[in-house]
Amino acid sequence: MLRSGLFRSGMRRSWALRQRVSEARSPGKRWLVAGLGNHGMPGTRHSVGMAVLGQIARRLGVAESWARDPRCAADLALAPLGDAQLVLLRPRRLMNVNGRSVAQAAKLFGLTAEEIYLVHDELDKPLGKLSLKLGGSARGHNGVRSCICCLNSSAMPRLRVGIGRPTNPSMVPDYVLGYFSPEEQELLSPLLDQATDLLLDHIRARSQEPPSGL
């Protein structure tokens, strides 16, 4: 009975989300924010982008609004940000094919690559460091590479969340799929807040810019 009730609740949220998607969009900008990671592996270093999305959802009051959307094989939540609207997306796929979900959602919401933010882990930055990168190559990140391939563009802004790099290159696969240590966990909570601040401030500023061509 419990599983049946949870299923019905999930279906109702999914239906409500579809209704909201089909409604006339607000006069403000709409942005897609995708937290890259491995579905089913929360808490690992490689899925820290999804952890940032969770913090954004809590900040914007939509943490209970996630709904599975089979059209893009992802969990989605819609959140207002001033006059703008954010489409928060967590792919229900493995990292190497995250781009399929991102591209399908971009088509669903009618968004260009420039209107899509990717949030992902970054080996070449120590834990606690963040940076916003406006387009460019994947720099060896398979999730970003998948997004570039599926969107046929490298113009997406990326929020890179440092996780550090192990000293032995052969340890990288196990390292990124591993969980944060207790010491790292102490740095993670303020890092998620800082990442949320950086991303939302950037989106707010871009939302105030006049449309190109004016």
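Positions are given from 1 along the sequence. The basis for the numbers below is simple: all heavy atoms, side chains too, and nothing from hydrogens, waters or symmetry mates.
Listed by chain and number, the residues in a side-chain hydrogen bond (donor to acceptor under 3.5 Å, both in side chains) with Tyr117 are His202, Arg206 (sequence neighbours excluded). Applying the ring pair (Phe, Tyr, Trp, His ring centres under 6.0 Å) rule to His141 yields the partners His46, His120; only residues at least two apart in sequence or on another chain are considered. In terms of the side-chain hydrogen bond (donor to acceptor under 3.5 Å, both in side chains) criterion, residue partners of Gln104 (sequence neighbours excluded) are, by chain and number, Arg93. Listed by chain and number, the residues in a side-chain hydrogen bond (donor to acceptor under 3.5 Å, both in side chains) with Thr196 amount to none (sequence neighbours excluded). Considering only residues two or more places apart in sequence or on other chains, Asn142 meets the side-chain hydrogen bond (donor to acceptor under 3.5 Å, both in side chains) condition with Arg145.
The distance from atom CD of Glu114 to atom CH2 of Trp31, rounded to the nearest 0.5 Å, is 9.5 Å. Asp121 contributes atom CG, which lies 13.0 Å from atom NZ of Lys125 (distance to the nearest 0.5 angstrom). We find the CZ-CG distance between Arg165 and Leu127 to be 14.5 Å, quoted to the nearest 0.5 Å. Distance check: His39 NE2 to Arg90 CZ gives 10.0 Å after rounding to the nearest 0.5 Å. A distance of 11.0 Å separates OG in Ser207 from CD in Gln85, rounded to the nearest 0.5 Å.
You'll find the side chain of Arg139 reaches within 4.5 Å of the side chain of Asp124, heavy atoms only. Counting only heavy atoms from C-beta outward, the side chains of Cys150 and Arg100 approach each other to under 4.5 Å. Side-chain contact check for Trp66 versus Leu88: some heavy-atom pair is nearer than 4.5 Å. In this structure, the side chains of Asn168 and Tyr175 stay at 4.5 Å or more apart for every pair of heavy atoms. Between Ser154 and Ile148, some side-chain heavy-atom pair lies under the 4.5 Å cut-off. Residues Val172 and Pro166 have side chains in contact (heavy-atom distance under 4.5 Å, counting atoms from C-beta outward). Looking at heavy atoms from C-beta onward, Leu86 lies out of side-chain contact with Pro80 at the 4.5 angstrom threshold.
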**OP:** Kindly indicate, with the supporting measurements, whether the criterion side chain to side chain contact (heavy atoms under 4.5 Å, CB included) is fulfilled by Leu200 and Leu81.
**Re:** CA-CA 8 Å; Leu200 295 184; Leu81 185 67; 4.1 Å; yes
**OP:** With side chain to side chain contact (heavy atoms under 4.5 Å, CB included) as the test, would you mind laying out the steps for Asp69 and Leu108 before giving the verdict?
**Re:** CA-CA 11 Å; Asp69 195 318; Leu108 177 66; 4.1 Å; yes
**OP:** Run the numbers on Val144 and Asn98 for side chain to side chain contact (heavy atoms under 4.5 Å, CB included), then give the verdict.
**Re:** CA-CA 8 Å; Val144 175; Asn98 272 190; over 6 Å; no
**OP:** Take Arg158 and Glu122 through the salt bridge (charged side-chain N to carboxylate O under 4.0 Å, His left out) test and state the conclusion after the steps.
**Re:** CA-CA 11 Å; Arg158 303 97 189 258; Glu122 176 56 62; over 6 Å; no
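In the hydrophobic cluster analysis, where Ile, Leu, Val, Met, Phe, Trp and Tyr join through side-chain heavy atoms closer than 4.5 angstrom, Val97 is grouped apart from Val119. By the rule that hydrophobic residues join a cluster once side-chain heavy atoms approach within less than 4.5 Å of another member, Ile163 and Leu177 end up as members of one cluster.
Between the side chain of Ser47 and the backbone N or O of Met50 there is no donor-acceptor pair closer than 3.5 Å. No donor-acceptor pair under 3.5 Å is formed between the side chain of Asn38 and the backbone N or O of Leu94. A distance-only check finds no donor-acceptor pair linking the side chain of Gln185 to the backbone of Pro182 [under 3.5 Å].
A cation-pi contact, defined as under 6.0 Å to the ring centre and within 45° of the axis, is absent between Arg45 and Tyr179.
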Scan the side chains in residues 128-136 for donor-acceptor partners under 3.5 Å anywhere in the protein, sequence neighbours excluded, and list what turns up.
unit_1 : atom_1 : unit_2 : atom_2 : d
Ser131 : OG     : Arg160 : NE     : 3.1
Ser131 : OG     : Arg160 : NH2    : 3.2
Lys133 : NZ     : Gly135 : O      : 2.6

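Across every non-hydrogen atom of Thr44 and Val176, the tightest pair is CB-O, 4.1 Å. Between Arg58 and Gln55, the closest heavy-atom pair is NH2-OE1, 2.9 Å. The shortest non-hydrogen separation linking Ser101 to Ala73 is OG-O, 3.0 Å. The minimum heavy-atom distance between Leu111 and Arg30, with the atom names listed, is CD2-O, 3.5 Å. The nearest pair of heavy atoms linking Leu32 to Ala106 is CD2-N, 4.2 Å. Summarising the geometry of Gly43 relative to Phe180, their closest heavy-atom pair is O-CD1, 3.7 Å, with the distance given to 0.1 Å.
When each of Ile116, Ile203, Leu89 is paired with Val33, the side-chain contact (heavy atoms from CB on, under 4.5 Å) condition holds for Ile203 and for no other.
Heavy-atom neighbours of Asn152 CG from other residues, nucleotides or ligands within 6.0 Å: at or below the threshold of 12. The 12-atom threshold is exceeded at CZ of Arg92, counting heavy atoms of other residues, nucleotides or ligands nearer than 6.0 Å.
The existence of a salt bridge linking Asp193 and Arg59 is confirmed by a sub-4.0 Å separation between a basic side-chain nitrogen and an acidic carboxylate oxygen.
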